[in-house]
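In the text below, chain A, chain B and the rest are named by the order of the sequence lines, each starting its count at 1.
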Amino acid sequence: MSTITPELYVRVQSFFEEYGRLLDEDRLETWVELFTEDARYEIVSRENHEQGLPLSLMLCDSRDMLHDRIYSLREANIYNIHTDCHVIGTARILHENGVLSAVAPYSLFQSTQEGETRLFSVGRYHLTFAETGGRLSISRLRVVTDTGAILTLLATPI
Amino acid sequence: MSATLNAEAIDRYRFPAADCSRIPYGMYRDPDIYALEQERIFRGPIWNFLALEDEIPNPGDFRLVEVGDTPVIVDRARDGSLHAMVNRCSHRGSIVQRATHGNAKTHVCCYHQWSFDLTGNLVGVPFQKGVKGVGGLPADFDKSCHALRKLRVESLNGAIFGTFSDDTPPLREYLGPVFTHQVERLFNRKLRILGYQRQRIFGNWKLYTDNLRDPNHGGLLHMFQITFGIARLNATGGAKLDADGKHNLSWAAQGGRAGNAEDPGKDYGDTGRGDMNIKLRDPSLLRYHKEFPDDLTLAVTSLFANAALQQIGNTLAVRQIRTRSADEFEIVSTFFGYEDDDEAMQRHRLRKANLAGPAGLVSMEDGEAVELVHRAIVRDGQDHSVVEFGGRGPVRDQENLISDVPMRGFWMYYCKLMGIPTGETAS
């Protein structure tokens, strides 16, 4: 196991900060660029996760698929008008056999145009990084959501 | 007494037309109507979809479901037979089985340890005779009189249905030939359960059953397929109903007629929708591997009152509607493939699941649409929805998608079961 240097620790925590901020600021196209070309992003309920059932709520197994989903949100889909607020907890970082990964808890609050807020989703990010050109990217992100009973609908990514 | 109070609620609203082309808003908001529905619809002479046999393949396997808002255990007994019973202890009314699924020899209530066998019979009462003759139940207490309340169960090709009523006709008769075929078509061999999706919608459950019976909204609200040029409302499709009009199959098929062939967007009027033809970066999501003998690429079968069977391309699921109150319901979807799917087919189904469910690219809008209606109809319970696409009068099969006739079929049957008089003449 490689050591987690203070520098690496800060880089990973900062990465999650950027991840949540891009979603909260509705910069979804920029958020997509956090992923590698062949990245896999999925949101899976704890119910399926624990039973070993493979079904996701959302599954993109390439950055192109992520682009398509964001493009569809912009151009085609109709969903509840809301603002997201991600509160991402401190990540537990693993660095084994040259693979950098992290697990971080999240809470996602959704607010309406009138300023009514609800707790929309809680769960954990299971993230595997790729490092290219000194920059961290997501090669795999599995969002395991405790809130498997989706409130209303799930449009914007978690 | 409560039954009488609730029954009077139906006098509060008027269906002005016998063909249910007008639906009073109050039917969606009134808690007394909701309570009456539990009695006359969900516990009435209908078959409720409960679960799939492949979810409980072994003796002792069980799953918790809900019929309307009544908690129900579905399980398989030692001899392989299927059973369903209300998950409420005959002693003090507690939930008996707390795990959502599992395998059990008996269902034991944690409160006072009363235990019930897999058919729902009371088999164990701790300290029934007290200690050394002191305490315990009266000598004449008869365990056989204190079973869990049982539902009658029938299975068709592994789809398990249950009913509370003795008056419900046999399942095949209730479904009718078209819908028996739809169940047999989808459940044609052993399944592989891929997982569950749950969605809580803050609106009345009938706004969702309406949505399921309204093919007209498909190409207007759900713009994913239109935007990416893969399907249009003016494509080949239609709706089939049973003799009562209570069940509905909304279908679309590969190939066939186009609307305005020169300019496919023209039929959309000035809405600015329907004239796009943008390509997906990863179009593999839209590929359909033909797997049924017919040409249907979309087949959503809504069974009165709590179920929808879904084929969206190769995404297969059964949805169960669980009511929570007049203002909330849950959709629990069980996605599946077939046991003989190879790895590539399973991967394809899992990717295509992106189209359906609460995050579905062609379905997420339904949650929003239901809530928009529910919020706006809080007052003016005597005002009406207008249901005239596809015409007025008797309900029949529709040969195109520009129709909400199946909605009227649902409501005509609903009114019959609820004992609601509708207008004299079908206008």
Side-chain angles (χ1 to χ4, degrees), chain A residues 29 32 37-82 112 114 116 118-121 143 145-158, chain B residues 100-101 192-203 220-228 273 276 278-286 315 317 328 330-337 346-347 349-354 356-372:
Chain A
E29 290 78 5
V32 170
E37 207 174 315
D38 59 352
R40 181 184 172 94
Y41 170 79
E42 65 180 326
I43 304 173
V44 59
S45 67
R46 198 156 66 99
E47 178 178 28
N48 288 347
H49 177 74
E50 286 186 345
Q51 289 179 66
L53 294 167
L55 182 76
S56 321
L57 285 151
M58 198 185 283
L59 168 64
C60 296
D61 58 12
S62 69
R63 193 166 62 202
D64 279 349
M65 255 182 109
L66 275 169
H67 271 292
D68 287 340
R69 194 166 255 279
I70 300 307
Y71 190 78
S72 178
L73 285 182
R74 297 292 193 215
E75 298 295 333
N77 294 122
I78 290 170
Y79 52 93
N80 52 328
I81 302 170
H82 69 271
T112 65
E114 294 86 2
E116 194 184 339
R118 66 178 174 182
L119 179 54
F120 179 71
S121 178
V143 184
T145 176
D146 294 348
T147 316
I150 299 298
L151 302 178
T152 308
L153 60 89
L154 174 62
T156 45
I158 297 175
Chain B
T100 56
H101 64 279
R192 182 183 297 154
I193 305 300
L194 298 177
Y196 300 91
Q197 289 187 351
R198 295 168 185 262
Q199 182 173 14
R200 285 286 173 88
I201 298 179
F202 300 92
L220 295 166
L221 175 70
H222 304 304
M223 291 303 289
F224 177 82
Q225 299 188 77
I226 314 293
T227 303
F228 296 103
R273 314 203 86 176
M276 295 182 262
I278 298 154
K279 294 278 176 282
L280 287 173
R281 290 196 192 193
D282 184 353
S284 65
L285 183 62
L286 306 173
T315 308
E328 187 184 345
E330 184 179 26
I331 307 166
V332 181
S333 300
T334 308
F335 283 68
F336 59 88
Q346 175 156 326
R347 182 167 168 270
R349 291 195 202 282
L350 291 170
R351 292 176 94 243
K352 262 196 108 86
N354 274 299
L361 291 163
V362 295
S363 64
M364 68 170 77
E365 289 84 4
D366 291 329
E368 171 72 352
V370 164
E371 292 189 7
L372 288 175

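Residue B:Met223 comes nearest to A:Ala76 through the heavy atom pair CB-O, 3.4 Å, listed as atom of the first residue, atom of the second, then distance. Annotation for B:Met364 and A:Leu154: closest pair CE-O, 4.2 Å, computed over non-hydrogen atoms. Here the shortest heavy-atom pairing between A:Pro54 and B:Gln346 reads CG-NE2, 3.6 Å.
With values rounded to the nearest 0.5 angstrom, B:Leu280 atom CG is found 9.5 Å from A:Met65 atom CE. With values rounded to the nearest 0.5 angstrom, B:Thr315 atom OG1 is found 9.5 Å from A:Leu55 atom CG. Taking CZ of A:Arg69 as the start and CZ of B:Arg281 as the end, the distance is 15.5 Å to the nearest 0.5 Å. From A:Ile150, atom CD1 reaches atom CD1 of B:Ile331 across 12.0 Å, with rounding to the nearest 0.5 Å.
In terms of modelled atom types and a separation under 3.5 Å, the side chain of A:Asp68 and the main chain of B:Asp282 share a donor-acceptor contact. Without hydrogens or angle criteria, A:Asn77 side chain to B:Phe224 main chain gives no donor-acceptor distance under 3.5 Å. Formation of a donor-acceptor pair under 3.5 Å by the B:Glu368 side chain with backbone atoms of A:Thr152 is not found in this model. In this structure a side-chain-to-backbone donor-acceptor pair under 3.5 Å is missing from B:Glu365 to A:Tyr79.
Side-chain contact between B:Phe202 and A:Leu151 is present, with at least one heavy-atom pair separated by less than 4.5 Å. For the pair B:Ile193/A:Gln51, no side-chain contact is recorded, criterion being any heavy-atom separation below 4.5 Å from C-beta on. You'll find the side chain of A:Met58 reaches within 4.5 Å of the side chain of B:Asn354, heavy atoms only. Contact check for B:Arg198 versus A:Ser45: no side-chain heavy atoms found under the 4.5 Å cut-off. Between A:Leu153 and B:Glu371 there is no side-chain heavy-atom pair separated by less than 4.5 Å.
For chain B, the nearby parts of A:Ser72 are the backbone and the side chain; heavy atoms of each come within less than 4.5 Å. With a 4.5 Å cut-off on non-hydrogen atoms, A:Asn80 touches chain B through its backbone and its side chain both. Residue contact with chain B, scored on non-hydrogen atoms closer than 4.5 Å, involves the side chain of A:Ser62 exclusively. Contacts between A:Ile43 and chain B at a heavy-atom distance below 4.5 Å are absent for every atom of the residue. With a 4.5 Å cut-off on non-hydrogen atoms, B:Gln199 touches chain A through its backbone and its side chain both. Of the two parts of A:Glu42, neither the backbone nor the side chain holds a non-hydrogen atom closer than 4.5 Å to a non-hydrogen atom of chain B.
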Begin with the C-alpha distance, continue with both residues' side-chain angles, and end with the deciding distance and a verdict on side-chain contact (heavy atoms from CB on, under 4.5 Å) for A:Leu59 and B:Arg347. CA-CA 11 Å; A:Leu59 168 64; B:Arg347 182 167 168 270; over 6 Å; no
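With respect to chain A, the highest number of heavy-atom pairs below 4.5 Å among B:Ala356, B:Gly357, B:Pro358, B:Ser284 belongs to B:Pro358. Among B:Gly360, B:Gly367, B:Ala359, B:Gly203, the residue making the largest number of heavy-atom pairs under 4.5 Å with chain A is B:Ala359.
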